[in-house]
Amino acid sequence: AQTVTQSQPEMSVQEAETVTLSCTYDTSESDYYLFWYKQPPSRQMILVIRQEAYKQQNATENRFSVNFQKAAKSFSLKISDSQLGDAAMYFCAYRRGGSTLGRLYFGRGTQLTVWP
Amino acid sequence: DAGVIQSPRHEVTEMGQEVTLRCKPISGHNSLFWYRQTMMRGLELLIYFNNNVPIDDSGMPEDRFSAKMPNASFSTLKIQPSEPRDSAVYFCASSSETGGDEQYFGPGTRLTVT
């Protein structure tokens, strides 16, 4: 079974600084996708970034980037120039590849606090 | 696009009552997912449909839970009878096989069973 582990229940960062959220996963598959979702207090789940396992290049979306280490099964999220609006719960998620029907497997989340 | 629509946003009911949660996926999406979020178990999949057909219902807790998708634009998740341990946030998400396959989530329904 696929498992996703987020070892940091809580993290905090000063506004304008950089923070990295950790995620590891366990799978025997070679084709899969990884995601980071953000859940603010409104509880809406918002996709932040995705990474295809077959791509060696790390995904980047504006201030958000990932460090994907396939051999180590590690998928960390870096938030640069942190803003107050980045405060939220962040979930790492895994989906098998080969089919678009796959379910998401979520980690337990990391609560990010941004200090002014 | 209106996004995934869920109703109601909040539901408070008494133990033993029937509860029906509703979801309208994004137009054109052909996969629909029901997730449940609790403090104890985190986010977990209950069931998902593709082209209105249930594909994987292994996450449905027990026979008290049932889900239907009578057409491409509507799905229900029903709990009968409800129990206090069913209290959670229930999310519906949809995705499309074309134009990207990310799952887009609705705002969730917060269910409280007293």
Side-chain angles (χ1 to χ4, degrees), chain A residues 1-10 21 23-26 31-55 59 61 64 66 75 77 88-111, chain B residues 2-6 8-10 23 26 28-60 67 69 88-112:
Chain A
Q2 286 76 22
T3 58
V4 179
T5 303
Q6 294 179 248
S7 59
Q8 308 154 315
E10 298 176 345
L21 308 183
C23 173
T24 59
Y25 58 94
D26 184 27
D31 183 16
Y32 53 87
Y33 299 82
L34 297 164
F35 306 84
W36 279 98
Y37 279 85
K38 168 185 178 181
Q39 187 178 40
S42 67
R43 78 167 179 254
Q44 178 75 49
M45 293 288 287
I46 303 165
L47 179 65
V48 175
I49 200 166
R50 63 176 280 167
Q51 175 79 42
E52 292 87 343
Y54 63 85
K55 290 186 177 179
E61 288 288 341
F64 298 86
V66 298
F75 183 61
L77 175 69
M89 181 73 88
Y90 286 82
F91 292 95
C92 178
Y94 166 101
R95 181 174 69 78
R96 291 172 60 187
S99 167
T100 57
L101 303 182
R103 55 181 290 176
L104 290 170
Y105 294 86
F106 287 93
R108 296 305 301 269
T110 297
Q111 182 68 50
Chain B
V4 176
I5 299 172
Q6 290 186 247
R9 294 292 307 274
H10 303 273
C23 175
I26 293 172
H29 282 192
N30 63 340
S31 292
L32 184 141
F33 304 79
W34 282 101
Y35 291 90
R36 179 171 68 175
Q37 185 177 30
T38 61
M39 289 295 293
M40 289 292 292
R41 300 175 66 88
L43 273 158
E44 53 183 348
L45 179 81
L46 299 177
I47 185 171
Y48 73 90
F49 297 84
N50 181 251
N51 294 325
N52 311 339
V53 176
I55 302 298
D56 182 356
D57 65 354
S58 60
M60 296 286 265
M69 191 164 187
V89 179
Y90 291 81
F91 287 101
C92 176
S94 70
S95 67
S96 170
E97 293 176 356
T98 58
D101 58 358
E102 289 91 351
Q103 292 183 21
Y104 294 88
F105 283 72
T109 295
R110 179 175 292 281
L111 173 64
T112 302

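Every heavy atom of this structure was used, including side-chain atoms; hydrogens, water molecules and symmetry mates were not. Here is the naming used below: chain letters follow the sequence lines, and residue numbers restart at 1 for every chain.
- Contact annotation: the side chain of B:Gln37 never approaches that of A:Arg43 to less than 4.5 Å [non-hydrogen atoms, C-beta and beyond].
- To the nearest 0.5 Å, the span separating CD on A:Gln39 from CZ on B:Phe91 amounts to 4.5 Å.
- At distances below 3.5 Å, not a single donor-acceptor pair connects side-chain atoms of A:Arg108 with backbone N or O atoms of B:Leu43.
- With a 4.5 Å cut-off on non-hydrogen atoms, B:Arg41 touches chain A through its backbone but not through its side chain.
- Taking OH of A:Tyr33 as the reference point, atom CD of B:Gln103 lies at 12.5 Å (rounded to 0.5 Å).
- Note: B:Glu102 CD to A:Phe35 CZ = 6.0 Å, rounded to the nearest 0.5 Å.
- Proximity to chain B is absent for every atom of A:Gln6, based on heavy atoms less than 4.5 angstrom apart.
- Taken from CZ in A:Arg103 to CD1 in B:Ile47, the straight-line distance is 11.5 Å, to the nearest 0.5 Å.
- Once rounded to the nearest 0.5 Å, the distance linking CZ of A:Phe106 with OH of B:Tyr35 reads 5.0 Å.
- Heavy-atom distances place both the backbone and the side chain of A:Leu104 under 4.5 Å from chain B.
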